[in-house]
Each structure stands twice: as C-alpha cells, then as structure tokens.
**Student:** 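Quick one: structure below, then a few questions.
Position 1 is the first residue of the sequence, and the numbers go up from there.
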Amino acid sequence: MSEFIYLTFDGLSRGLVYAAFALALVLIWRAARIVNFAQGAMAVSAVYVAYSVTNATGSYWLGFAAALLAGLALGVTVERVVMRFVDHSSPLNGVVVALGLVLILQGVLGIVYGNEFLPFSTPFSRDAFEVGGVAMLSRYDLFVIAAVGVVVVALTLLFTRTAIGLRMRAAAFAPDVSRLLGVSVGGMLTLGWALAAAVGSLAGILVVPTELGVHPTAMDVVFVSAFAAAVVGGLDSPIGAVVGGLIVGVLLSYVSGYIDVTVAPMAVLALLVVVLLGRPGGLFSSSKARVA
C-alpha cells in the first residue's frame with residue numbers, strides 16, 4: 001500500500017510537468033492549428049539559458065526568470081522569422097519545418113555546450129516527506145505543483161476574463177472575421193507562440209533537473225509523453241491537457257514501479273490507441289454538430 005501511495009504522488013507530480021508541456025502544445029494548436037514538434041528543442045534552449053545565467057550569477061531564480069524570458073523571445077522569433085512564411089495549405093508543411101528546427105536547435109546547442117549531460121540543481125530538496133512511514137511529496141514536488149497551478153490559473157483567467165484572451169480565441173477560430181473587427185490576427189498569433197514557448201520553457205526547467213541533466217536532447221522523451229497527454233485530453237482543450245498530463249504521469253509511474261521502466265512507453269502507446277479508438281478528438285474534445 002505504501003508503494004502505491006508513493007507511486008501515485010510521484011506520478012501526479014511528474015504528470016503536472018507533462019500537463020504544462022501539453023498546455024504549450026494546445027496553445028500553439030489553438031492559435032495556428034500546428035502541432036509544434038520543435039517545442040521540446042525550444043524548451044531545452046531556454047533551459048540552457050537558465051544554466052548559463054545560474055552558473056554566472058550563482059542564483060537559481062535569476063536563471064529561472066531568464067529561461068522564461070528566453071522562451072518568450074524564442075517563441076516570438078520562431079513565429080516571426082520562420083513559421084509566418086510557411087505555406088499552411090498543407091498541415092505537413094508546418095510539421096516538416098518544425099522537425100527541421102529541432103535539428104538546427106539541437107545542433108547549435110551541441111556545438112556551443114557540447115553533448116555531455118550537465119548537472120542542474122534544484123532550489124528545494126527532492127527528499128520526500130514521510131507520513132506514517134510512507135514517502136509522499138518532496139519540497140521540490142510542492143514547488144512544481146505550485147508553479148504549474150499558477151500557470152493553469154493564469155491561462156484560464158487570460159482566456160476567459162480578459163479582452164486579449166478573447167481576441168486570441170477569435171483570431172484562432174475566425175481570423176477573417178477578426179480582421180474585419182479590427183483584431184491584429186498576426187499579433188495575436190505571435191502572442192500565442194510566445195506564451196506557448198514560455199510555458200514549455202517552464203516545463204523544461206522543472207523537469208530537466210530531475211533527469212540526467214541538461215542535454216540538447218533532454219526533452220525528447222518528455223515531449224513524447226506530453227504530446228500523448230495533449231492528444232489524450234484533446235488538442236483543443238486546456239483542461240484536457242491538464243487531465244491528460246496527470247493520466248499519463250500516473251500511468252508511467254505505475255508501470256515503471258510495478259512492471260518495468262522499459263515497458264512504460266508501450267503503456268502510453270496503448271493508452272493512445274484506446275482513447276483514439278473510442279474518442280478520436282480526445283477525452284475533452286467538443287462534439288461537432290451535424291450539417292447534413
């Protein structure tokens with residue numbers, strides 16, 4: 001029973017990171033109808049910025065802030081310099097460009113920093129609290145929960161309570177009508193990319209210290225799990241991204257703890273197959289009205 005409780009809390013903590021990364025994918029999808037396969041490489045780039053700033057200043061928090069700012073800047077740059085000029089007549093074009101961007105970013109990071117795993121410490125202890133002899137959450141887990149919770153609440157308020165959020169939603173779902181109403185569709189698209197990159201950077205800086213360390217390909221496996229979480233929850237649903245992330249995190253924790261860590265990727269694949277067979281749009285997808 002104690003192992004089950006530990007694995008559950010561990011899975012929820014890891015699942016929240018997947019949820020944050022899945023939220024970044026959902027933001028891009030809602031804004032541009034593109035699955036940004038470069039999201040992981042962009043997040044790692046921001047983590048390297050945090051690594052450099054932290055080493056130079058000795059402050060984790062300055063590095064943390066630098067990573068978020070770097071994510072914002074990278075999101076704006078990628079949208080303005082690259083994605084804006086992609087022919088979107090076929091969804092495959094954006095995917096190919098994003099995959100090319102992954103190779104470029106990982107190559108540049110490897111040239112600048114090398115291909116060794118670099119250590120990146122956490123601001124709080126990762127030793128789990130024990131309640132009645134049962135290991136629960138660590139201080140760092142609580143920090144992760146708080147950070148992702150703030151992001152989820154902030155994005156919810158942005159899209160439901162602010163004029164900017166309304167403009168972003170309008171620009172994504174009805175760009176032509178939005179232009180007629182005076183909405184800067186291009187500006188809203190850039191803002192969507194910037195926010196998504198910042199959220200992805202947050203997920204990266206939260207999860208990388210718990211893995212082997214900073215590396216150009218450090219987010220590849222995380223991206224796969226986060227993409228699965230976004231698809232399971234529904235690419236159009238921020239709530240679905242959160243729920244999907246928690247489901248994937250707990251599933252990976254149970255399979256790794258009770259069976260074997262090498263079986264975990266197959267368990268995620270099986271979950272994807274089951275969900276897509278029963279509900280192709282994801283668990284929280286909205287049903288479309290019939291038109292004929």
Side-chain angles (χ1 to χ4, degrees), residues 13-14 16-24 27-28 36 38-81 101-102 104-128 137-155 157-158 190-220 222-223 226:
S13 176
R14 182 60 61 89
L16 283 172
V17 176
Y18 296 149
F21 208 81
L23 272 173
L27 283 172
I28 294 296
N36 183 19
Q39 194 75 62
M42 292 168 64
V44 168
S45 301
V47 174
Y48 269 106
V49 172
Y51 173 83
S52 299
V53 172
T54 299
N55 280 352
T57 63
S59 171
Y60 172 88
W61 299 110
L62 285 177
F64 185 88
L68 299 185
L69 292 175
L72 283 170
L74 187 57
V76 171
T77 303
V78 168
E79 195 282 323
R80 290 279 184 175
V81 178
L101 188 59
V102 170
I104 292 173
L105 289 175
Q106 291 181 347
V108 170
L109 292 174
I111 292 172
V112 175
Y113 291 95
N115 288 297
E116 300 294 328
F117 284 91
L118 304 176
F120 197 173
S121 60
T122 60
F124 303 105
S125 172
R126 294 184 58 203
D127 295 331
L137 297 172
S138 66
R139 289 182 175 86
Y140 186 70
D141 291 330
L142 295 177
F143 168 63
V144 170
I145 293 171
V148 177
V150 168
V151 169
V152 172
V153 171
L155 289 177
L157 293 176
L158 173 67
T190 301
L191 179 59
W193 274 85
L195 289 176
V199 174
S201 299
L202 173 66
I205 201 170
L206 290 177
V207 73
V208 164
T210 66
E211 303 294 335
L212 294 176
V214 190
H215 188 272
T217 62
M219 290 294 289
D220 287 357
V222 177
F223 175 82

**Student:** If you define the side chain from C-beta out and look only at heavy atoms, does anything of F64 sit under 4.5 Å from L202?
**Tutor:**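 The answer is yes; the side chains approach within 4.5 Å.
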
**Student:** If you compare all heavy atoms of A198 against all heavy atoms of L68, which two are closest, and at what distance to 0.1 Å?
**Tutor:**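 The pair with the smallest heavy-atom distance is O-CD2, 3.7 Å.
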
**Student:** Find out whether S121 and Y60 are in side-chain contact, i.e. whether some heavy atom of one side chain is under 4.5 Å from a heavy atom of the other.
**Tutor:**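 The answer is no; the side chains never approach within 4.5 Å.
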
**Student:** Considering the options V108, I104, V102, L109, which one meets the side-chain contact (heavy atoms from CB on, under 4.5 Å) requirement together with Q106?
**Tutor:**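 Answer to the side-chain contact (heavy atoms from CB on, under 4.5 Å) test with Q106 among V108, I104, V102, L109: V102.
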
**Student:** Counting distance only, does the side-chain N/O of S59 pair as donor-acceptor with the main-chain N or O of L62 below 3.5 Å?
**Tutor:**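 At least one qualifying donor-acceptor pair exists.
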
**Student:** Any side-chain heavy atom of R14 sitting closer than 4.5 Å to one from V207?
**Tutor:**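 Yes, their side chains come closer than 4.5 Å.
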
**Student:** Using a 4.5 Å cut-off on heavy atoms from C-beta on, say whether the side chain of W193 contacts that of V76.
**Tutor:**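 Not touching, per the 4.5 Å side-chain cut-off.
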
**Student:** Please check if any side-chain donor atom of Y140 sits under 3.5 Å from a side-chain acceptor atom of S13, or the reverse.
**Tutor:**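 Their side chains do not contain a donor-acceptor pair, so the 3.5 Å distance test is not met.
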
**Student:** Is the shortest side-chain heavy-atom distance between V144 and V17 below 4.5 Å?
**Tutor:**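 A side-chain contact exists here, since the closest heavy-atom pair is under 4.5 Å.
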
**Student:** Between atom CG of D127 and atom CG of D141, what is the distance when rounded to the nearest 0.5 Å?
**Tutor:**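 CG of D141 is found 10.5 Å from CG of D127.
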
**Student:** Between S52 and Y113, is there a side-chain heavy-atom distance shorter than 4.5 Å?
**Tutor:**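 Yes, close enough: below the 4.5 Å cut-off.
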
**Student:** Taking the side chain as every heavy atom from C-beta outward, state whether F143 and S138 have any pair of such atoms under 4.5 Å apart.
**Tutor:**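 Answer no - side chains too far apart.
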
**Student:** Decide whether T210 and R126 meet the rule of one side-chain donor and one side-chain acceptor closer than 3.5 Å.
**Tutor:**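 Distance-only check fails for T210 and R126.
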
